[in-house]
Protein chains: 2
Amino acid sequence: MQIEKQLDKRQQRSRKLLGEAIIALILEQGYENITIKSITERADVAYVTFFRHFESIDHLLGWVLEESINALVEMHEQSLNDETRSVPECFVQEGVLIFEHVAQHADLYRILFTSPGALAALKRTKTHVAKLAIEEFQRWVEGTSLVYEILAMSYVNNLFGLIEWWLEHGMQPDLATMAHIYTQISLAIRQSAAA
Amino acid sequence: MQIEKQLDKRQQRSRKLLGEAIIALILEQGYENITIKSITERADVAYVTFFRHFESIDHLLGWVLEESINALVEMHEQSLNDETRSVPECFVQEGVLIFEHVAQHADLYRILFTSPGALAALKRTKTHVAKLAIEEFQRWVEGTSLVYEILAMSYVNNLFGLIEWWLEHGMQPDLATMAHIYTQISLAIRQSAAA
DNA sequence: CTAGTTATGATATACTGTGTTTCATAAGTC
DNA sequence: GACTTATGAAACACAGTATATCATAACTAG
């Protein structure tokens, strides 16, 4: 974000165009069929310019996805920092916000889950969210343990699994239902810490 | 399995050598650095032979992984078909078997989770296991519903997430602990069907 | 064991996509 | 307005993929 401001306007322009191009092309032709040439042509940017900004297609894709999905993570953080609510309320409200965000950026999330080249970006995102979840667990139960780390990871895998499933099924059960299921399972996972 | 028998001995030999070669090379050099040439050289097989059996590196990889991990799935199926045990017993015994299998084939599972080209194979495996889980749910609670489909998917995502995490952490908490955690979370997910 | 079939190996070759170099020009910065 | 720098254009080297041909070795069926 801060680094972004330090960039030359021309650089910002090039990156933005390349980012928009790769997303459009993946949606049109699929991840496997895109090339650097096709990306630069679509972006109306010189072929060499690509290499001045990114070292590979996957790096460009990772940059685009993380740029966008950071919004979800920040939202998540704010939700966690609101200490006035109870645990269940926390999950409910959060669930609605999350699935709203997914619905608004469905294309990006779909690419995140289906493109092999997005695997690294997906893992980074998961790890980031898991760290937030661990902090959350530590607030409820004092002390730190491997078990909480595992539970946090299970929570994240479940969340991302629900999102992926929802997108693959045409966002079929409505947002509220998904948020409800998310809440139930998240609470269930959290409570299994006792055992 | 049946198709395998129909193959010429030379074909079986070639495929086996190629399969062993790609696994060895991925472990040595990482997925990103392998080429068809390096695979065929390691397998001591002609370059063209590769194309006579597989249309891409990812197809070869998918074939190898699914061939091996089918063992886990079959084990899973047998476990499900044993109707004499209660639900918790089912999960406990299953958990031990699963993590034993993972420990024995750690290399393959590691490749399955870290190689971008294995993403398709991973998804096929998950889907397969999820279908088994749905049948299991339908045995406990009559009738079918989208919710059970979602719970089955959550169960699978949690299982694979635990395996991935365990491998990334050097199989740190011992097998029994992981099996116990698996059991707890699986039961928790299952019980959230009531809500 | 033999005759017929077929997969393999070796070689040559075409092609696509990646990545780099050079230099003039346009666009940004201060 | 002077300086700096990113961009565009073109040529190029190169790696990796993919196919074609043909002689040879290995397998199968009888």
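A, B, ... follow the sequence lines: proteins, then strands. Residue 1 opens every chain. Only this structure's heavy atoms are used, side chains among them; waters, hydrogens and symmetry mates stay out.
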State, with a plain yes or no, whether a side-chain heavy atom of Phe160(A) is found less than 4.5 Å away from one of Glu164(A). no
Given atom CD of Gln11(B) and atom C1' of dT6(C), what is their separation to the nearest angstrom? 8 Å
Arg13(A) atom CZ, over 12 foreign heavy atoms within 6.0 Å: no
Might you list the N or O atoms of the protein lying below 3.5 Å from N or O atoms in nucleotides 26-30 of chain D, with each pair's distance?
residue, atom, partner, partner atom, Å
dA26(D), N3, Arg10(B), NH1, 2.9

Would you indicate whether Lys123(B), at its atom NZ, is surrounded by more than 12 heavy atoms from other residues, nucleotides or ligands within a distance under 6.0 Å? yes
Give a yes or no on whether Lys16(B) atom NZ has more than 12 heavy-atom contacts from other residues, nucleotides or ligands under 6.0 Å away. no
How close do Ile189(B) and Asn158(B) get, counting heavy atoms only, and between which atoms? CD1-CB, 4.1 Å
Is the count of non-hydrogen atoms from other residues, nucleotides or ligands lying under 6.0 Å from Asp44(B) atom CG greater than 12? no
Atom CD1 of Ile39(A) to atom P of dG17(C): distance rounded to whole Å? 12 Å
Nearest-angstrom distance from the residue atom CZ of Arg52(B) to C1' of dA25(D): 13 Å
What nucleotide, of dG19(C), dA10(C), dG17(C), holds the atom closest to the side chain of Phe51(A)? dG19(C)
Angle between the end axes of the helix from dC1(C)-dG30(D) to dC30(C)-dG1(D), five pairs per end, to the nearest 10 degrees? 60°
Using a 4.0 Å heavy-atom cut-off, does Ile57(A) contact any base of the nucleic acid, only the sugar-phosphate backbone, or nothing at all? sugar-phosphate
side-chain N/O His53(B) vs dA7(C) OP1/OP2, d < 4.0 Å: no
Measure the distance from CD on Glu32(A) to C1' on dT17(D) and round it to the nearest whole Å. 15 Å
Can you tell me how far C1' of dA6(D) sits from CG of Leu17(A), to the nearest Å? 14 Å
Are any of Ser14(B)'s side-chain N or O atoms less than 4.0 Å away from OP1 or OP2 of dT8(C)? yes
Thr35(A) side chain: which of dG8(D), dT17(D), dG17(C) is closest? dG17(C)
Starting at the 5' end of DNA chain D, which residue's closest nucleotide do you reach first, Ile36(B) or Thr49(A)? Thr49(A)
Main chain of Trp165(B), side chain of His169(B): is a donor-acceptor contact present, judged purely on distance under 3.5 Å? yes
How many angstroms lie between CD in Gln6(A) and CD in Gln12(A), if you round to the nearest 0.5 Å? 10.5 Å
Distances under 3.5 Å only, N/O to N/O: pair up the protein atoms with those of nucleotides 11-13 of chain D.
none

